[in-house]
Amino acid sequence: MCAAAVPSMLNENADMSRFKRILEAALLVSAEPLPLAEIKKLADAPLTNRQIEAVLDEIAADWQHKAVELTQVASGWRFRARPEVQAYLDRLNPQKPPRYSRAVLETLAIVAYHQPVTRGDIEEIRGVAVSPNILKTLEARSWIEVVGVRDTPGRPELFATTGQFLDDLNLRGLQELPALQEIGNLLEQNVAAED
Amino acid sequence: MCAAAVPSMLNENADMSRFKRILEAALLVSAEPLPLAEIKKLADAPLTNRQIEAVLDEIAADWQHKAVELTQVASGWRFRARPEVQAYLDRLNPQKPPRYSRAVLETLAIVAYHQPVTRGDIEEIRGVAVSPNILKTLEARSWIEVVGVRDTPGRPELFATTGQFLDDLNLRGLQELPALQEIGNLLEQNVAAED
Amino acid sequence: MSANEGNTVRQAYIQGELMLEMPQDLYIPPDALELVLETFQGPLDLLLYLIRRHNLHVLDIPMAELTRQYLGYIEAMQQNRLELAAEYLLMAAMLIEIKSRMLLPRPKLVGGEDGEDPRAELMRRLQEYEQIKQAARQLDELPQAGRDFEIVQVLIERTVEERLPEISVDELKQAWLGILTRARVRRHHTVRREQLSVREQMSHILRCLKGGEFVPFEALFDIEEGIPRLVVTFIAMLELAKEYLLEIQQTETFGSIYVRSSRAVNAE
């Protein structure tokens, strides 16, 4: 600002802009947030916390219209993508949605069409033992739940489908499931064809 | 592009600047270089390769005075810190990957310049047995991989360099490797030197 | 080891005393074995060093002496790194062969040209190896990710969302069809759409009774839902009673009817 200081001011400005450039790069490559103590190591001449914070503010301002922003977290400063771009980034390397096994699907179908059913009912219909994992998978998904017990020896739990199940399959009620009648006909046709 | 499209031109500009913003974020966030095919997924409307490359050039130009630059490598585009700031970045993370031994480097050079090669080929050129550790070191780094077997007795495995190798050396292809140097006739050179 | 110059002349010190200089020919003094193994990549490397540094003419090496030395050396090293000695021995043998062929008149080929120089193959190998040595150095000089430059990777806070399988109604239908096909008319399916509603209502009633308390019979009906629904609810309740899933009590004639799930009965 004053005439006498000009020669060194220029240097100082050049140094600070160089420091800012390096700090920005360090923040972009660092896997962890950078605390002030670390940031200080990047400067060739000692800097005060206030000086560093001023540079950090400048960088944050430079980035304010970008989809990545400079943020301060407990352990220091870091860049991060703004949440709004996540949807776009999710388009890259999308994972294939997993699929349920036939055993899970059949169990669900039995619960849906025959509810309330016990595990024994399911086993009888499928003709094979039902692993507890299958029921747990469907319960964890909140698609089936225990709604009571049958008053028979062992008092087995009765499973039924949930509202969540209907919501997730976009049904207003169980009556919107494909009619069994239809399936029955189809089956009879199949059986007839085989005979 | 055609006259009928003019009314939407304004939108198109807005879309492109939005796309540029998202692409920049994706490049900053992505752990791997982004190929054009992946970049296309970020656009809401289909873009040609030329359109995408124009945006990439714009981004590269935006960054040209920064300590971080956009580069094209074998498997796509990515941001990297310029090597000249490495000395500063090393102050934060003094742990550096070790330099490879001559045995590893020579083996890598043989695979890079003579690929695909068998272990026998490498031994023939180096004049010594190749320890399995050397190949394992390079395979563990994902710099070389088995790409097939040679149809000779013993069906030895054929090694080639990987895309990761090119990416790590910031190269777009093998043609960017330093050229092999012509070596003069050692005997004659020797005789001449003796005179 | 420095990567820029592999063949820098190194000297071995043992207890502060200079033990030896690098070999002057292809013979490796047993004392120097460690040093030579560390410094040279093999006999080709040593040969290149000898040619470049000592201006040694590879064929000027006193072969008889070298052979004698190697044989003694191998004897001494019988138990120790013999395989490495073998590579150097092989090289010495190759040199002897070349030298002996050089001493013989070369047969003229058809057309009057000289036959191939016996040194040609060795020279080709030395050249090829030297080329690779240089290429290895150049590769090492290329900036390497992580060593000479850093790759940018900005954090993205992905909401960690477990991808759950999706199913469609159609898949459910297929699954059901699969079961039926296997069950194959084990019994006759005369299930009707209406019965599905009864089943749904059965689940609904059980859910209402989950608390285990007696619930007034009327509370299970919602007049608003219309007559078909009321009928379905009533049938569902009868069905539940038939399957021993609920208990219906009426303490006096025309008195209030209470319903509770039979689980509650047994839990008492």
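Residue numbers start from 1 in every chain, and the chains themselves are labelled A, B, ... in the order their sequence lines are given, proteins ahead of strands.
- For the side chain to side chain contact (heavy atoms under 4.5 Å, CB included) test, residues two or more places apart in sequence or in another chain that qualify with A:Lys20 are A:Val55, A:Glu58, A:Ile59, A:Asp62.
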Applying side-chain contact (heavy atoms from CB on, under 4.5 Å), run through C:Leu245 and A:Asp151 and close with a yes or a no.
CA-CA 6 Å; C:Leu245 292 172; A:Asp151 201 11; over 6 Å; no
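- In this structure, chain C has no heavy atom under 4.5 Å from any part of A:Thr152.
- The line from NE2 of A:His114 to OG of C:Ser203 is 12.5 Å long, rounded to the nearest 0.5 Å.
- Summarising the local packing, CZ of A:Arg18 is surrounded by 12 or fewer heavy atoms from other residues, nucleotides or ligands at distances under 6.0 Å.
- Atom CZ of C:Arg207 sits about 11.5 Å away from atom CG of A:Leu158, to the nearest 0.5 Å.
- Side-chain contact between A:Val29 and C:Ile151 is absent, with no heavy-atom pair separated by less than 4.5 Å.
- Few gaps surround CZ on C:Phe217; more than 12 heavy atoms of other groups in view lie less than 6.0 Å from it.
- A:Leu70 does not touch chain C: none of its heavy atoms, backbone or side chain, sits under 4.5 Å away.
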Could you go through the side-chain contact (heavy atoms from CB on, under 4.5 Å) check for A:Gln115 and C:Leu206 one step at a time?
CA-CA 11 Å; A:Gln115 58 191 294; C:Leu206 285 175; over 6 Å; no
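- For A:Ile110, the parts lying under 4.5 angstrom from a heavy atom of chain C are both the backbone and the side chain.
- Heavy-atom neighbours of A:Asp44 CG from other residues, nucleotides or ligands within 6.0 Å: above the threshold of 12.
- With A:Pro116 as reference, C:Met202 is the one residue of C:Met202, C:Glu200, C:His204 to meet the side-chain contact (heavy atoms from CB on, under 4.5 Å) rule.
- A distance of 9.5 Å separates CD of C:Glu150 from OG of A:Ser30, quoted to the nearest 0.5 Å.
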